[in-house]
Every structure is written in C-alpha cells, then in structure tokens.
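Here the structure comes first, spelled out in structure tokens, and everything after it is commentary.
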Amino acid sequence: MFSPEGPSLRELAVQALSSVERGYDLLAPKFDHTPFRTPDSVLSAVTTALTRTGPYDDGLDLCCGTGAGVDVLAGVCRRSVTGVDFSAGMLDVARQRVGVDGPRVDWVRADARALPFAPAFDLVVSFGAFGHFLPRELPGLFAQVHSVLRPGGCFAFPLVAPPGPASPAYWMLLGFDAVMRVRNAVWRPPFVMYYRAFRLGEVRSELARAGFQVELQALREFGRQRDGSPRVRMVVARRRTD
Ligand SMILES: C[S@@+](CC[C@H](N)C(=O)[O-])C[C@H]1O[C@@H](n2cnc3c(N)ncnc32)[C@H](O)[C@@H]1O
C-alpha cells in the first residue's frame, strides 16, 4: 500500500485489529512510508510560524511517533527537545532516525493522558495524533499538557479545516470513521482513530477551560477556502501566567 516500502494491505489490516499502541509498534518500521506521517509541508509551515514567536528553551513533541515534530522543535528550541509516545516501536525508529546538532534530545515512553513530567517545557507541539483521543478525553489530555508547561508556555499544533460535503474527502473521512465505529463496536481491543472528532469549536472551548489563552494563526502556505477561511491554522494555546 502507498509505496513499495509501505505496509501491505494485510499488514495494515492486522495493525488495525490491534490496540493503538500495538498497532503502531507493528507499523513503526514502515510508518515513514505511509500518509499517516505528517507531511513535510505542514512541518515546515509550523516551523516557520514558531520561528516568528520563538526562540524557546525546552520543547516537547506529544505523541511524537518517529519524531516528525522533534525535527520541528530542534529548529526552534535552544536547550532540549523531548519526544513522548506510548509505542516502544515508534520510539525505536525515532531514536535511530533523528540526529540533531544543537539541543539535547530525549525520548520518553509514556501515555499522553498521564505525562511523567514537571512543568518543565515552554513549548509543546503535537502532529497527527488527536484522532486517537475520544472527545470526552480532551479535558484530561489538555490538563496534562497544561501541567507540563511553564506559566506563559505554548501548546501549538496545526489544524486542517474539515472538508465540506462537496468534497470527495468529506465522504472518505465520513466512511473511514463509520468503519472504525463498527470495528470498535464488535472487536476488542478498540483502535480509536476518528478523523472527524477533533473540531475547532470544541477544541477551543476545552483549551480555554483547561486554563489556556487561545489564538489562531493562518498557515498562509496552504491558502484559503472558498469562504475565505484558512485551509490550515496553527492553534496556539498559551498557559496563563496568573
Ligand atoms: C499518526 S501517528 C503521528 C506521529 C507523528 N506525530 C507524526 O506526525 O508523524 C500517532 C502517534 O500517536 C501515538 N499515540 C496515540 N495515542 C497515544 C497516547 N495515548 N499516548 C502516547 N502516544 C500516543 C501513537 O503511538 C503514534 O506514534
């Protein structure tokens, strides 16, 4: 599937019938050859946007996978960069792949819903992982991010505008989510991955409730939709200092 180096259809099916953690352990060696890795165009637009607001000292890539966001942080953080993920397989690939001159890089295996850190970061980023959290888990997840940020620190992530019903992508994502709901109703362990569950309105109000001041920045590289709204935004949630 996807490319000659990517996983076969059979491998993808086995992964999708596993838990999220185990599924990524299995996918890890081929993950960078799938469309599930955040594209370089998004990583580079976020780096440019963070360069404008940085520099930062200590950064955390939440659900780092093979380290796509660690590369971003290495460009904007002066002292240290940490990648956290619960898949040991993904972390192994990240460790082998990422070589950074500059800030110290650490890899930590942990669940994003129970982060083992003090408020030691002034920047947390996350790419391509929010579909793995149910809407009811967002308050807990955002509270965890809030707890590891220093006062005034930023939680930043890109958010793509959902396609409208006139776009084939709308129906594809709707279909994918429907298949996952059926899969999770009849099969254990669950594999939580829903494309349409992480919506700007709800995300914004949950971030505010968790104690963040939220700002949206258009990532201009991706242009605008017909109604003039940005195709891709960067959400910047700042931990209040009071
Ligand atoms: C689609 S991958 C994205 C990886 C990387 N951020 C990127 O953009 O290429 C999602 C990652 O989230 C991790 N993940 C999912 N749920 C998690 C959780 N509760 N705690 C820690 N990591 C989690 C998975 O193990 C996987 O590595």
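Start at 1 and go down the list; that is how both ligands and their atoms are numbered.
Listed by atom number, the atoms of ligand 1 under 4.0 Å from His132 heavy atoms are 10 (C), 15 (C), 16 (N). Heavy-atom proximity to Met90, at under 4.0 Å, picks out these atoms of ligand 1: 27 (O). Below 4.0 Å from some heavy atom of Phe36 lie the following atoms of ligand 1, by number and element: 1 (C). Shown in contact with Ser87 at under 4.0 Å from a heavy atom are these atoms of ligand 1, numbered in order with element: 25 (O). Ligand-side atoms of ligand 1 in range of Arg113: 19 (N), range being under 4.0 angstrom from any heavy atom.
Closest protein heavy atom to atom 14 (N) of ligand 1: Phe86 CE1, 3.7 Å. Protein heavy atom in closest approach to atom 8 (O) of ligand 1: Thr38 OG1, 2.5 Å. Counting only heavy atoms of the protein, atom 3 (C) of ligand 1 lies nearest to Phe127 O, 3.7 Å.
Considering backbone and side-chain atoms together, Cys63 places an N or O closer than 3.5 Å to an N or O of ligand 1. The distance criterion of under 3.5 Å between nitrogen or oxygen atoms is met by Asp111 with respect to ligand 1. Taking only nitrogen or oxygen atoms, main chain and side chain alike, Ala112 reaches within less than 3.5 Å of ligand 1. Looking at ligand 1, you won't find any N or O of Val84 less than 3.5 Å from one of its N or O atoms. Taking any N or O of Tyr24, backbone or side chain, none lies under 3.5 Å from an N or O belonging to ligand 1. Where the criterion is an N or O separation shorter than 3.5 Å, residue side chain and backbone included, Phe31 fails it with respect to ligand 1. Considering backbone and side-chain atoms alike, Asp85 places an N or O below 3.5 Å from some N or O of ligand 1.
The aromatic rings of Phe133 and Phe130 are tilted relative to each other, their planes meeting at an angle between 30° and 60°.
Residue contacts with ligand 1, taken as heavy atom pairs separated by less than 4.0 Å, involve Arg37 via backbone and side-chain atoms alike. Counting heavy atoms under 4.0 Å from ligand 1, residue Glu21 does not touch it at all. Here Ala68 has side-chain heavy atoms under 4.0 Å from ligand 1, and that is the only part of it that gets that close. Proximity of Ala110 to ligand 1, defined as any heavy-atom pair under 4.0 Å, is confined to the backbone N, CA, C and O atoms.
Residue His146 holds its NE2 atom at 13.0 Å from CG of Leu141, rounded to the nearest 0.5 Å.
Salt-bridge formation is not detected for the pair Glu202/Arg199: no Lys NZ or Arg NE/NH1/NH2 atom is positioned less than 4.0 Å from an Asp or Glu carboxylate oxygen. In this structure, Asp177 does not pair ionically with Arg196, as no charged nitrogen and carboxylate oxygen lie closer than 4.0 Å. Between Asp58 and Arg150 there is a salt bridge, with a side-chain nitrogen of the basic residue lying less than 4.0 Å from a carboxylate oxygen of the acidic one. Under the 4.0 Å criterion applied to side-chain N and carboxylate O atoms, Arg78 and Asp122 are not assigned as salt-bridge partners. Arg109 has a carboxylate O that lies under 4.0 Å from a charged side-chain N of Glu21, or vice versa, which qualifies the two as a salt bridge. Between Glu11 and Lys30, at least one side-chain N (NZ, or NE/NH1/NH2) sits under 4.0 Å from a carboxylate O, which counts as a salt bridge. The pair Arg113-Glu137 meets the salt-bridge criterion, since a charged nitrogen lies less than 4.0 angstrom from a carboxylate oxygen.
A cation-pi geometry, defined here as NZ or CZ lying under 6.0 Å from the six-membered ring centre and within 45° of its normal, does not hold between Arg183 and Phe191. A cation-pi arrangement is absent between Arg79 and Tyr56 under the rule of less than 6.0 angstrom and at most 45 degrees off the ring axis.
Within the structure, the closest approach of Gly69 to ligand 1 does not fall below 4.0 Å when heavy atoms are considered.
Selection from Gly23, Cys64, Gly128 by nearest heavy atom to atom 5 (C) of ligand 1 gives Cys64.
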Step by step, work out the side chain to side chain donor-acceptor pair (under 3.5 Å) result for Glu215 and Gln213.
-> CA-CA 7 Å; Glu215 189 194 301; Gln213 202 165 359; over 6 Å; no
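Test Ser19, Ser18, Ser87 against Asp25 for side chain to side chain donor-acceptor pair (under 3.5 Å) and you get one pass: Ser87.
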